[in-house]
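The figures that follow rest on heavy atoms only: side chains count, while hydrogens, waters and symmetry mates do not.
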Amino acid sequence: DGAIFVFAQGTDPEVLLVIEALHNPSGDPNWQFGSARMTMVPLELWRRGEPVWKTDPGWARQTLHTPYLVVKER
């Protein structure tokens, strides 16, 4: 089983959080998560008071003929 959560400001999605329940090799239940940025602003994901994921600021390039792109600042 799994779930996808979208964290947004208003109707503007900022980050996706994907959670998946699974069994480890011993058969015990376990879960894992993944995240995906959807913004150029820096983001942090925390679990139990500890940072587990962080992005740097990026810049966006968008025209009528190119897809949205976020690139890490140099």
Side-chain angles (χ1 to χ4, degrees):
D1 290 332
I4 299 175
F5 297 90
V6 177
F7 294 90
Q9 289 191 357
T11 59
D12 181 21
E14 303 294 332
V15 64
L16 294 177
L17 178 63
V18 180
I19 299 175
E20 179 182 21
L22 47 105
H23 293 291
N24 60 24
S26 66
D28 295 326
N30 200 359
W31 64 273
Q32 62 186 13
F33 68 91
S35 54
R37 94 189 277 175
M38 301 189 65
T39 182
M40 66 179 129
V41 300
L43 299 169
E44 289 185 5
L45 183 62
W46 291 62
R47 181 175 182 266
R48 296 185 177 171
E50 298 290 327
V52 294
W53 181 71
K54 182 179 180 179
T55 65
D56 294 324
W59 59 271
R61 179 190 74 208
Q62 186 174 16
T63 68
L64 295 175
H65 304 291
T66 60
Y68 182 78
L69 172 69
V70 176
V71 178
K72 181 180 176 181
E73 281 187 348
R74 298 170 199 243

In one Ile/Leu/Val/Met/Phe/Trp/Tyr side-chain cluster, 4.5 Å: Val52, Met38: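 Val52 does not cluster with Met38.
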
ILVMFWY network linking Phe7 to Val41, side-chain heavy atoms under 4.5 angstrom: yes

Contact list for residues 10-32, test ring pair (Phe, Tyr, Trp, His ring centres under 6.0 Å), sequence neighbours left out: Trp31-Phe33

Where Pro13 and Ala8 come nearest, the two heavy atoms and their spacing: CA-CB, 3.8 Å

For Val15 against Ser35, the heavy-atom pair lying closest together: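 For Val15 versus Ser35, the nearest heavy atoms are CG2-CB, 4.3 Å.
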
For Asn24, all residues meeting side chain to side chain donor-acceptor pair (under 3.5 Å), sequence neighbours excluded: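 Ser26.
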
Flag if over 12 foreign heavy atoms under 6.0 Å of CG, Asp28: yes

Over 12 foreign heavy atoms within 6.0 Å of CD1, Ile4: no

From Thr55 atom OG1 to Arg37 atom CZ, the distance as rounded to the nearest 0.5 Å: 4.0 Å

Interatomic distance, Ile19 atom CD1 to Phe5 atom CZ [nearest 0.5 angstrom]: 5.0 Å

Inter- and intrachain pairs under side-chain hydrogen bond (donor to acceptor under 3.5 Å, both in side chains), touching residues 6-16, at least two apart: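 Matches after skipping sequence neighbours: Glu14-Thr39.
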
